[in-house]
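So the structure is just underneath, and the comments pick up after that.
So you know, we letter chains A, B, ... as the sequences are listed, proteins then strands, and number each from 1.
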Amino acid sequence: MSKNFAKRQVLPGFGITMGYTVTYLSLIVLVPLAALFLKSAGLGVADFWKAVSSPRVVASYKLTFGASLVAATINAIFGFVVAWTLVRYKFPGKRIIDAMIDLPFALPTAVSGIALTAVYSSHGWFGQYLEPLGIKVAYTPIGITLALVFIGLPFVVRTLQPALADLERESEEAAASLGANRFQTFTRVILPTILPALLTGFALSLARAIGEYGSVVFISGNMPMRTEITSLLIISKLEQYDTAGAAAISVVMLIASFGLLLSINLLQHLAGRRYQGAL
Amino acid sequence: MNASTLPTTLESPESWQVAGPQLRTATEESTWVRWLLVGSTLTFLTLVLFVPLAAIFAEALRKGWAAYFASFNNPNFWSAVKLSFLATGISVPANLIFGVAASWAIAKFDFRGKSLLITLIDLPFAVSPVVSGLIYVLLFGMTGWLGPWLSSHNIQIIFAVPGIVLATIFVTFPFVARELIPLMQEQGSEEEQAAVSLGANGWQTFFRVTLPNVKWALLYGVILSTARAMGEFGAVSVVSGHIRGKTNTLPLHIEVLYNEYNFVAAFAVASLLTLLALVTLVLKTTLEWRIQRDLEEAAKSE
Amino acid sequence: MASLKTQHAALANRLPPQAPSFEGGALNNTLRIHPPQKSERQQEQDNNPMSIDVQHISKTFGSFRALNDVSLKINDGELVALLGPSGSGKTTLLRIIAGLEAPDPNPGASIRFYDEDVSRRTVGERQVGFVFQHYALFRHMTVFENVAFGLRVRHKSTRPSKEEIRDRVEKLLSLVQLAQFSKRYPSQLSGGQRQRVALARALAVEPKVLLLDEPFGALDAQVRKGLRAWLRRLHEEIHITSVLVTHDQEEALEVADRVVVMNNSKIEQEGTPDEVFHNAKTQFVMEFLGQVNVFHGRVQKGKATLGDLTVDYPNYSDDHERPATVYMRPHEFEIRRQSNGKPSFPARITRTHSAGAVARVFLETEDAASVLVELPLDEFSNLALQEGETVHLYPKNARVFIPSESK
């Protein structure tokens with residue numbers, strides 16, 4: 001702590017940068033967020049509960065969380081395969097594909113939404129072949145899930161890539177020299193080592209999916225009780241001048257995503273404490 | 001000996017055949033497993049990523065180049081362009097200044113509650129786009145806390161340009177700061193202390209010592225914020241009010257066109273934003289290795 | 001990285017090679033010359049059962065030739081050290097023996113364990129215990145689980161029962177003196193303890209041979225010494241055929257029954273520690289093992305000359321004069337103030353230091369060549385040498401090599 005004292009003495013600008021940081025943070029983020037909590041608190045317990053538990057709202061939760069869970073699971077599986085392929089193998093076009101993984105980050109969500117709809121609607125490139133098979137993608141929960149897979153993919157791949165690259169090849173060789181086959185090496189050595197990264201990627205993808213709006217609204221069809229996600233429901237409430245109701249549902253969503261992010265941090269902290277430094 | 005640098009090739013070299021197929025290296029999968037994994041990757045990415053990407057351009061050009069370019073011959077399009085540039089042009093520099101100030105305070109000084117502050121800076125990432133817009137409606141809207149006061153003074157924020165700028169600032173809030181903070185923490189403050197001991201003042205220290213060390217990360221943060229600011233949809237949608245020619249940004253303009261079944265125009269505008277996204281990806285990839293190098297150098301010199 | 005450092009140190013030990021001119025007459029009678037001869041050990045070895053036999057192994061990585069037609073036989077129960085600078089191919093050879101790497105395809109190449117061809121077997125099928133340089137412990141498993149791993153992944157038909165596994169792991173952990181740490185994670189152990197877990201894990205599968213890649217490379221000097229002696233005792237207890245890779249000559253000479261010195265993708269020399277140290281067959285081995293003073297002279301008609309100093313060198317009887325390198329170890333000198341008629345050369349003392357097991361005297365010949373001499377401390381104090389005074393150096397032993405490029 002004596003070091004900290006010396007630092008303050010030597011470098012200038014702590015007061016002004018810190019003051020600016022806290023002021024700007026408060027004005028842009030903290031005060032508006034506080035307004036949200038205050039607004040929904042103004043409802044009182046009974047009305048708050050009514051606002052967040054009406055059948056249409058509950059249906060939107062089920063859809064949003066259900067589709068997000070399925071999408072995050074698909075992303076965890078395929079994201080792992082993609083990350084593994086990109087880290088371990090060489091094949092033509094690999095660098096371009098690697099760069100393209102971030103496309104869902106860079107592409108405006110509205111553009112992603114109309115593009116996916118164009119491909120998977122009943123007249124689209126794939127939709128026209130899927131529809132006769134009885135698979136309707138656009139304007140169903142499948143389409144919503146597809147959009148959520150699209151926007152969540154980079155989270156899993158980008159979290160897993162460094163973890164896979166950091167895997168010591170020696171531990172895999174050690175497992176092989178002890179008689180483990182490749183499958184045993186994978187399930188007993190590789191998977192447990194990258195599990196924290198995989199779970200983190202899953203949770204990040206899930207958190208993003210729960211709040212997603214732009215890429216989903218075009219493909220979802222937005223039918224109350226059936227294909228209406230929670231984000232859209234908040235907008236509907238707002239358009240009906242039910243700001244308190246919108247605020248109440250928003251609070252539920254915020255708590256869900258904060259809880260998720262908190263558990264990610266906790267997970268990483270635990271994983272770090274137990275295994276790290278075992279070089 | 002760094003075993004991890006040994007190449008793992010998919011092309012099966014002749015030497016394997018001679019020694020027998022079992023003699024692949026201990027950490028390699030059998031050929032069919034590898035082809036299966038590469039095949040799944042390519043199929044999955046094609047279905048989810050590449051085909052939708054191609055569809056944007058195909059739909060935009062469905063009725064030919066003339067129809068494509070006609071889509072841009074529209075005053076509402078140009079006012080959307082202007083508004084998008086305005087919102088980006090205000091929010092990115094604002095967050096840049098904030099990011100630099102915050103990372104200076106956090107990386108160069110020790111104080112209580114530092115990790116709480118970092119968490120709070122990251123907070124906007126955890127807030128869904130619609131909620132990001134909603135909070136400003138609750139604050140500045142007609143029924144909001146400051147609404148009556150604002151309207152009595154004839155100031156309009158919600159359903160007007162200031163609301164759009166505010167929402168854009170909110171969703172791009174952490175980008176610059178979260179690129180700078182880890183890098184500057186890794187680099188420590190020894191170089192700055194040396195500069196100050198040699199007689200440099202605060203500004204000189206920042207511009208001549210700190211900034212050159214973090215310039216790539218700073219640029220990276222700016223590029224990410226710009227892409228997000230140009231493309232934000234949900235948050236802006238809530239505060240905009242969709243007044244044509246006045247409060248529509250480019251993504252909102254796309255929505256309007258799409259909902260009017262004017263698909264060619266919608267995809268034409270979307271193709272512009274897609275090109276912007278592709279440029280972003282190229283810049284981002286180029287910058288990543290530079291930042292990686294900065295980080296490695298910082299780690300080495302410790 | 002570590003091996004690079006040592007290589008650098010080895011280079012530093014060599015003194016600047018300059019052509020010195022000494023005074024003094026013939027010293028044929030005092031200097032022993034070492035012509036290459038077949039050692040007893042090697043003769044004996046021809047009759048022993050061979051546990052590892054690799055023949056004509058080459059390995060290229062891209063354009064880099066890591067091994068160039070290497071053949072090596074290792075006796076049953078022997079502890080052999082592969083010694084060499086980094087990049088000499090020693091680790092590659094070890095990994096090829098283990099099956100972690102495949103040799104270049106070559107009709108004559110073979111890898112045999114106990115007369116059985118194993119070249120087509122995977123590392124798992126070869127029944128080797130491999131100890132990795134950085135231990136490669138599974139960090140999400142406890143010490144116990146790490147050691148039990150090799151038994152637990154066995155096919156049901158050969159897998160021991162839970163109780164047997166527990167017994168065997170506990171026995172091994174007490175063998176490596178870690179019984180009380182079985183529930184810890186690798187991150188909670190010291191470097192030396194991790195190394196011992198790695199060893200126990202490798203032994204758990206009852207390997208036919210034990211292969212150790214720089215087993216002490218990542219440890220600090222103190223722990224290294226202790227662990228080295230412990231490994232030697234352990235080897236005497238369990239007598240498993242072991243091959244150890246190291247770049248540390250002290251380690252190789254102290255631990256191994258036999259040392260295989262490698263350089264430039266080839267084996268330079270193999271033999272007992274005594275043989276390779278005292279009877280170096282090549283310039284490389286001479287310079288790599290221990291410290292040497294290097295002088296440049298000439299050979300002709302069975303004699304090597306260094307200035308006025310002459311050394312018998314029967315291996316070269318040609319009339320044609322050729323340059324030669326003469327090596328003298330620092331401890332193989334006698335220092336006198338007066339000339340006693342035996343071959344010697346004068347040198348001025350530039351610095352002395354006696355804070356160690358031996359006293360080190362740094363000298364400079366009239367030709368400004370540096371010489372290092374090591375003396376026992378009592379002899380050093382009897383002589384009462386002063387910095388700046390000129391003394392006579394009497395070499396007790398010299399080795400002559402004709403550089404290969406002039407052949």
Inset, instruction - Give a yes or no on this: more than 12 heavy atoms of other residues, nucleotides or ligands lie within 6.0 Å of atom CZ of F183(A). - result: no
Inset, instruction - Mind checking the NE2-OG1 spacing from H140(C) to T193(A)? Nearest 0.5 Å is all I need. - result: 5.0 Å
Inset, instruction - Please check if atom NZ in K208(C) has more than 12 non-hydrogen atoms from other residues, nucleotides or ligands closer than 6.0 Å. - result: yes
Inset, instruction - State whether the number of non-hydrogen atoms from other residues, nucleotides or ligands found under 6.0 Å of Q180(C) atom CD is greater than 12. - result: yes
Inset, instruction - Name the region of A202(C), side chain, backbone, both or neither, that has any atom closer than 4.5 Å to a heavy atom of chain A. - result: backbone
Inset, instruction - Measure the OG-NE2 distance between S171(A) and H134(C) for me, rounded to the nearest 0.5 Å. - result: 11.5 Å
Legend entry - Separation between CD of E172(A) and CG of L100(C), rounded to the nearest 0.5 Å: 11.5 Å
Legend entry - Sorted by number, residues from residues 167-179 of chain C in contact with chain A (heavy atoms, under 4.5 Å): none
Legend entry - Smallest separation among heavy atoms of L178(A) and V153(C), with atom names: O-CG2, 3.9 Å
Inset, instruction - Specify the closest pair of heavy atoms between F149(C) and R188(A), including all atoms of both residues, with the distance to one decimal. - result: CE1-CB, 3.8 Å
Inset, instruction - Evaluate the side-chain proximity of E173(A) to F130(C): yes if any heavy-atom separation is below 4.5 Å, no if none is. - result: no
Inset, instruction - Report yes if some heavy atom in the side chain of Q184(A) is under 4.5 Å from a heavy atom in the side chain of R152(C); otherwise report no. - result: no
